[in-house]
Every structure is written in C-alpha cells, then in structure tokens.
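Data first, discussion second: the structure below is written as structure tokens.
Computed from heavy atoms alone, side chains included, the values below leave out hydrogens, waters and symmetry copies.
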Amino acid sequence: MITLMPTLTLPLNADLRVLPADAQAYLQGVVIATEHLTKRYPGVTALDGLTVDVGDGVTGLVGANGAGKSTLIKILLGLTDATSGSARILGRDIQDDGAALRSRVGYMPEHDCLPGDVSATELVVHLARMSGLPSDAARERAADTLRHVGLYEERYRPIGGYSTGMKQRVKLAQALVHDPDVVFLDEPTNGLDPVGRDEMLALVRRIYDDFGISVLVTSHLLGELERICDHVVIIDAGVLLRSSSVADFTRSSAQLAVEVAKDADAAAQAMTSAGLRVARDGQLLVVGVDGDETYDLVRDVIADGAFGLVRLEARRHHISEVFDEEAADVAV
Ligand SMILES: Nc1ncnc2c1ncn2[C@@H]1O[C@H](COP(=O)(O)OP(=O)(O)OP(=O)(O)O)[C@@H](O)[C@H]1O
C-alpha cells in the first residue's frame, strides 16, 4: 500500500482508470492540465488552443506582455470563462469543481489591489477567516505566513505606507494563508529593484521546498524564472511555444570549453576533421556535446596532435540564450 495525500490510500497496482480523477492526477504528478484552451476577446485571441500539462514543483509561465499569461490564470481560477476547451487542476475540472478547487488554490494577482487603510495582519487574518479558518487558527496562520514572507513589526502598520516590495509580500502571504496545494503567482517581481527581485524569487522557490505547495509563476523575463523553476512553459500570442524541464531545455545546449597549450587553430581544425562541432571563443575552443563520445574524441584529438590540454570545462547555456537562438531560427 502507498499513501498519497493525507487521507488517500491505494493498493500499489491500482488500475489508474478506475481511480478518482484527483488521485490519478497526484499519481501522475500533473497539477494543471489544459486541453485546447481558447479565449477570445473582441478583436483579440488571448489564448489559442493551449494544451499543456504542468507538474509538481515550481513552473514558470513565460511570455511577452500580452502573451496570455494572466488570461490563463484567470480562467483556471474561474474569474473568466474560456471560449472553448477545458482545464483541470489537481485532476478536477475547473467548470464542474470550481467551488471545491478554490479552497485548494492560492492566487497572487499582478496589480496592486490592497486596501491602504488596514494593516497586513488585519487583511491576512480577514482573508484566512474568509477561507474558513476559525479565529485563533486564522491569527496563527496569518502570523506564520507573514513571518515567512519577511514582514515583521511592519505588519501592524497600514498597508498604504508600505513600499512596493512590502506590498508584494502581503499579496504573497494572502495567497498562502489557507495552506493551498497550488498557488498562481502573477508577476511577483513586478516593480521590484534587483535585490527585491532576488529576495522574492527565493521566497517563491521556498514555497515548494518548505511547504510542498506547487507554484505556477508568471514573468516576461525568462532569465529570472529559470533560476528558480523546475519547468518552464513559454507562450506567445496565446500559443504554446515550448514546455519542458529546465534541465531538458539546456541539455541540448551542453558544450565543452577547451583550452590547449599551443596551436589552437590547428586543434580546432583537427577536431572539425574528427566530426566535432567547434567554435572559437577567444583563446577557448567551444565544442558541442553530442554524447559521451564527444569527451573521448576531444581527448584523443588533443593527445594525437600533442596540443597540450590546459583546461576542459562543461558549459551550459542559460535557457534565455537557447530560446533566443530557437526564436531566431524560427524567424529565419
Ligand atoms: N478583459 C479583456 N478584454 C479585452 N482584451 C483583453 C482583456 N484581457 C486581456 N485582453 C487581451 O488579451 C491578450 C492577453 O492578455 P493577458 O493580460 O493575458 O497577457 P499577459 O501575458 O498576462 O500580459 P501582461 O503581463 O501584459 O498582463 C492581450 O492582447 C490583452 O490586451
């Protein structure tokens, strides 16, 4: 027997087809699944047949302004209806089970929507109460959550006097206070300076690492999300461009940086003749890795030519570089 979630116990060889949809989703690690999801506004198709699975962990939803990120989140939350298509969260259909899902989902909206005349504590306790927690538990959860996001004595001051960074933290706290299974964070780093961005990104990562809450976080900056995400989904004009784990995204771009003691040009030529993909980066030879045999070939070419190996170092592109190259290929 294996225990899935606190109350769900299944035989090891259970037939997935007869399990409740909720249990199937957990077993397969799919937190969000959309199928041909389309949203048309007058004159604009915000989402265009989007079919994508989002798994456990921290997933970045990346796209330029207007790509459809907020629209997707709003549909998932039931704040707006899709024109066509369907979506499931934790195995439950958002249309059929919207009310039940709301208690299991947290949401940090993009825009400033906080009342200025109440304190962070008052607001977060109030929202915890609205989510169904008894008074004492709501106070306790609110205090814990505000501490987690890094608001201490300031939490008793009116929100109107807060900096942008503090307001973002209040929005994050209210998304977490009812202990959801998954949170949607819409552009949490918006308006923050570089230090504030780094702190917010670290907090987002800890939501999953410390509490096991899955995260779907949006940004128009691929570079900042790849640092904290397990998986990225890239959309453009409502269409899926790519969905893959961060590791898979960069695996195909693995390279070896090779420094030789002498005759770098001749070494590059010898490597090319041996079938390797070689480029020059100053004094370095940058060799594309096509598998384990690349390492053997590089070693043999350097030994045979007596070029003298000074340094051999694995390199990986950032996702943003890979994606820029892919986008350029598409444009050509
Ligand atoms: N209520 C609405 N009525 C009409 N058009 C809308 C509405 N909401 C969004 N749109 C349009 O749908 C498209 C997708 O918008 P959406 O807000 O989902 O993008 P986004 O990726 O979240 O970008 P941003 O970060 O700028 O909000 C845009 O062209 C936008 O102008």
Would you say that [X] contacts [Y] through its side chain, given a criterion of any heavy-atom pair below 4.5 Å between the two side chains?
{"X": "T71", "Y": "Y41", "value": "yes"}
{"X": "M271", "Y": "L285", "value": "yes"}
{"X": "I207", "Y": "L185", "value": "yes"}

Hey, what do you get for [atom1] ([X]) to [atom2] ([Y]), rounding to the nearest 0.5 Å?
{"X": "R155", "Y": "T145", "atom1": "CZ", "atom2": "OG1", "value": "11.0 Å"}
{"X": "D97", "Y": "L90", "atom1": "CG", "atom2": "CG", "value": "10.5 Å"}
{"X": "R197", "Y": "L192", "atom1": "CZ", "atom2": "CG", "value": "6.5 Å"}
{"X": "R40", "Y": "T83", "atom1": "CZ", "atom2": "OG1", "value": "6.0 Å"}

Check [Y] with [X], please: is the shortest side-chain N to carboxylate O separation under 4.0 Å?
{"X": "D209", "Y": "R206", "value": "no"}
{"X": "K39", "Y": "D81", "value": "no"}
{"X": "K171", "Y": "D186", "value": "no"}

Hey, does the side chain of K167 reach the backbone of I159 with a donor-acceptor pair shorter than 3.5 angstrom? no
Considering the options V215, L201, L203, which one meets the side chain to side chain contact (heavy atoms under 4.5 Å, CB included) requirement together with I228? L201
